[in-house]
Amino acid sequence: MTDQIALPFAWPADEDERDFIISDSNSTAVRHLEHWSLWPVMATVLTGPRKSGRSLLGRIFAAKTGGRFVDNADTQDEERLFHAWNAAQADHKPLLLTAELPPARWKIRLPDLRSRLLASPHVAIEEPDFPLMMGLVEKLLHARGLVAKPDVVRYVVPRIERSYIGIGRIVDALDEAALARRRPITMSVAREALATIGVTEDTYRLL
């Protein structure tokens, strides 16, 4: 089962940090951030798919360590990134850069910046595993004031795309189906929601 905690740093939770769900999909990244003082350089690149929580993790990290967080770093001004990397080393305060892809796949013009980024540790949030998908579906439904019994969630999760985008799609579909029927999320509502995103019992058997 996943852990719904405020991260193993024992950091106090703010906003929705208390709902950050840790599983095998993101635990390596979380542990790496926890031990930032052991990094070989005071910078790390964190990558992950859209909606994977990388930005939330970056905000938590910066708030609790006093370091700096740059989101979507692959789209930022290269001179600013270069100076931020150097400042992190000089001040011994960690710099966390997040992006969807690792630096080797960024279009970097400044050779000095490229060499620094390639010398920085890189950790990744992977696509969600089954426990994380279960936890995220429950969490996102709860945020909308909806509840689905565990057996309904266990029925839905293996039938959807294994991605954070796929999780968002089924939560939207469940929300719309429950609203249209004006009833809780039962198994029949779940089947209807799955059908709206193109998943039926026949298609599931082919997966």
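Along the sequence shown, residues carry numbers from 1.
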State, with a plain yes or no, whether a side-chain heavy atom of [X] is found less than 4.5 Å away from one of [Y].
X: Leu146; Y: Ile185; value: yes
X: Pro94; Y: Phe61; value: yes
X: Thr44; Y: His122; value: no
X: Asn26; Y: Glu126; value: no
X: Asp71; Y: Gln76; value: no
X: Val30; Y: Ile125; value: no
X: Val70; Y: Leu96; value: no
X: Glu127; Y: Pro49; value: yes

Working note: Arg116 + Asn86, criterion side chain to side chain donor-acceptor pair (under 3.5 Å); need CA distance, chi angles, decisive distance, verdict. CA-CA 9 Å; Arg116 283 162 170 73; Asn86 288 339; 3.0 Å; yes
Measuring from [X]:[atom1] to [Y]:[atom2], what's the distance to the nearest 0.5 Å?
X: Leu174; Y: Leu140; atom1: CG; atom2: CG; answer: 10.5 Å
X: Leu81; Y: Arg114; atom1: CG; atom2: CZ; answer: 13.0 Å
X: Glu192; Y: Met187; atom1: CD; atom2: CE; answer: 14.5 Å
X: Arg169; Y: Lys51; atom1: CZ; atom2: NZ; answer: 14.0 Å
X: Asp74; Y: Ile108; atom1: CG; atom2: CD1; answer: 9.0 Å
X: Leu33; Y: Arg31; atom1: CG; atom2: CZ; answer: 10.5 Å

Hydrophobic clustering (ILVMFWY, side-chain heavy atoms < 4.5 Å, transitive) - are [Y] and [X] grouped together?
X: Leu56; Y: Ile22; result: yes
X: Leu118; Y: Val41; result: no
X: Leu179; Y: Leu194; result: no

Contact summary for [X] and [Y], nearest pair of heavy atoms:
X: Leu97; Y: Ala73; result: CB-CB, 3.7 Å
X: Thr75; Y: Asn72; result: OG1-O, 2.8 Å
X: Arg162; Y: Pro128; result: NE-O, 2.7 Å
X: Trp39; Y: Leu95; result: CZ3-O, 3.9 Å
X: Val189; Y: Pro184; result: CG2-O, 3.5 Å
X: Trp106; Y: Ala99; result: CZ2-CB, 3.5 Å

Set out, in order, the CA-CA distance, both residues' side-chain angles and the distance that settles side chain to side chain donor-acceptor pair (under 3.5 Å) for Arg181 and Thr186, then state yes or no. CA-CA 11 Å; Arg181 291 193 174 199; Thr186 60; 5.2 Å; no
Walk me through it: do Val45 and Thr98 pass the test side-chain contact (heavy atoms from CB on, under 4.5 Å)? CA-CA 6 Å; Val45 179; Thr98 64; over 6 Å; no
Using a distance-only test with no angle check, is there a side-chain donor-acceptor pair under 3.5 angstrom linking Arg50 and Ser163? no
Polar side chain donor-acceptor pair, Ser120 to Trp85, under 3.5 angstrom: yes
Would you please test Glu100 and Thr47 for side-chain contact (heavy atoms from CB on, under 4.5 Å) and show each step? CA-CA 5 Å; Glu100 189 166 352; Thr47 60; over 6 Å; no
Test side-chain contact (heavy atoms from CB on, under 4.5 Å) on Ile197 and Ile160; report intermediate values, then the result. CA-CA 9 Å; Ile197 61 172; Ile160 64 174; 4.2 Å; yes
Is the backbone N or O of [Y] less than 3.5 Å from a side-chain atom of [X], with the two atoms forming a donor-acceptor pair by type?
X: Trp36; Y: His32; answer: no
X: Asp91; Y: Lys93; answer: no
X: Glu138; Y: Ala148; answer: no

Pi-cation contact, Tyr155 with Arg191 (under 6.0 Å, within 45°): yes
Go through it in stages, so that I can follow the logic: the residues are Tyr164 and Leu136, the test is side-chain contact (heavy atoms from CB on, under 4.5 Å), and I'd like the CA-CA distance, side-chain angles, deciding distance and then a yes or no. CA-CA 9 Å; Tyr164 299 97; Leu136 286 173; 3.9 Å; yes
Of the options Leu132, Val152, Val153, which is the one that meets Val137 in a side chain to side chain contact (heavy atoms under 4.5 Å, CB included)? Val153
Hey, are Asp172 and Arg144 close enough for a salt bridge, meaning a charged N less than 4.0 Å from a carboxylate O? yes
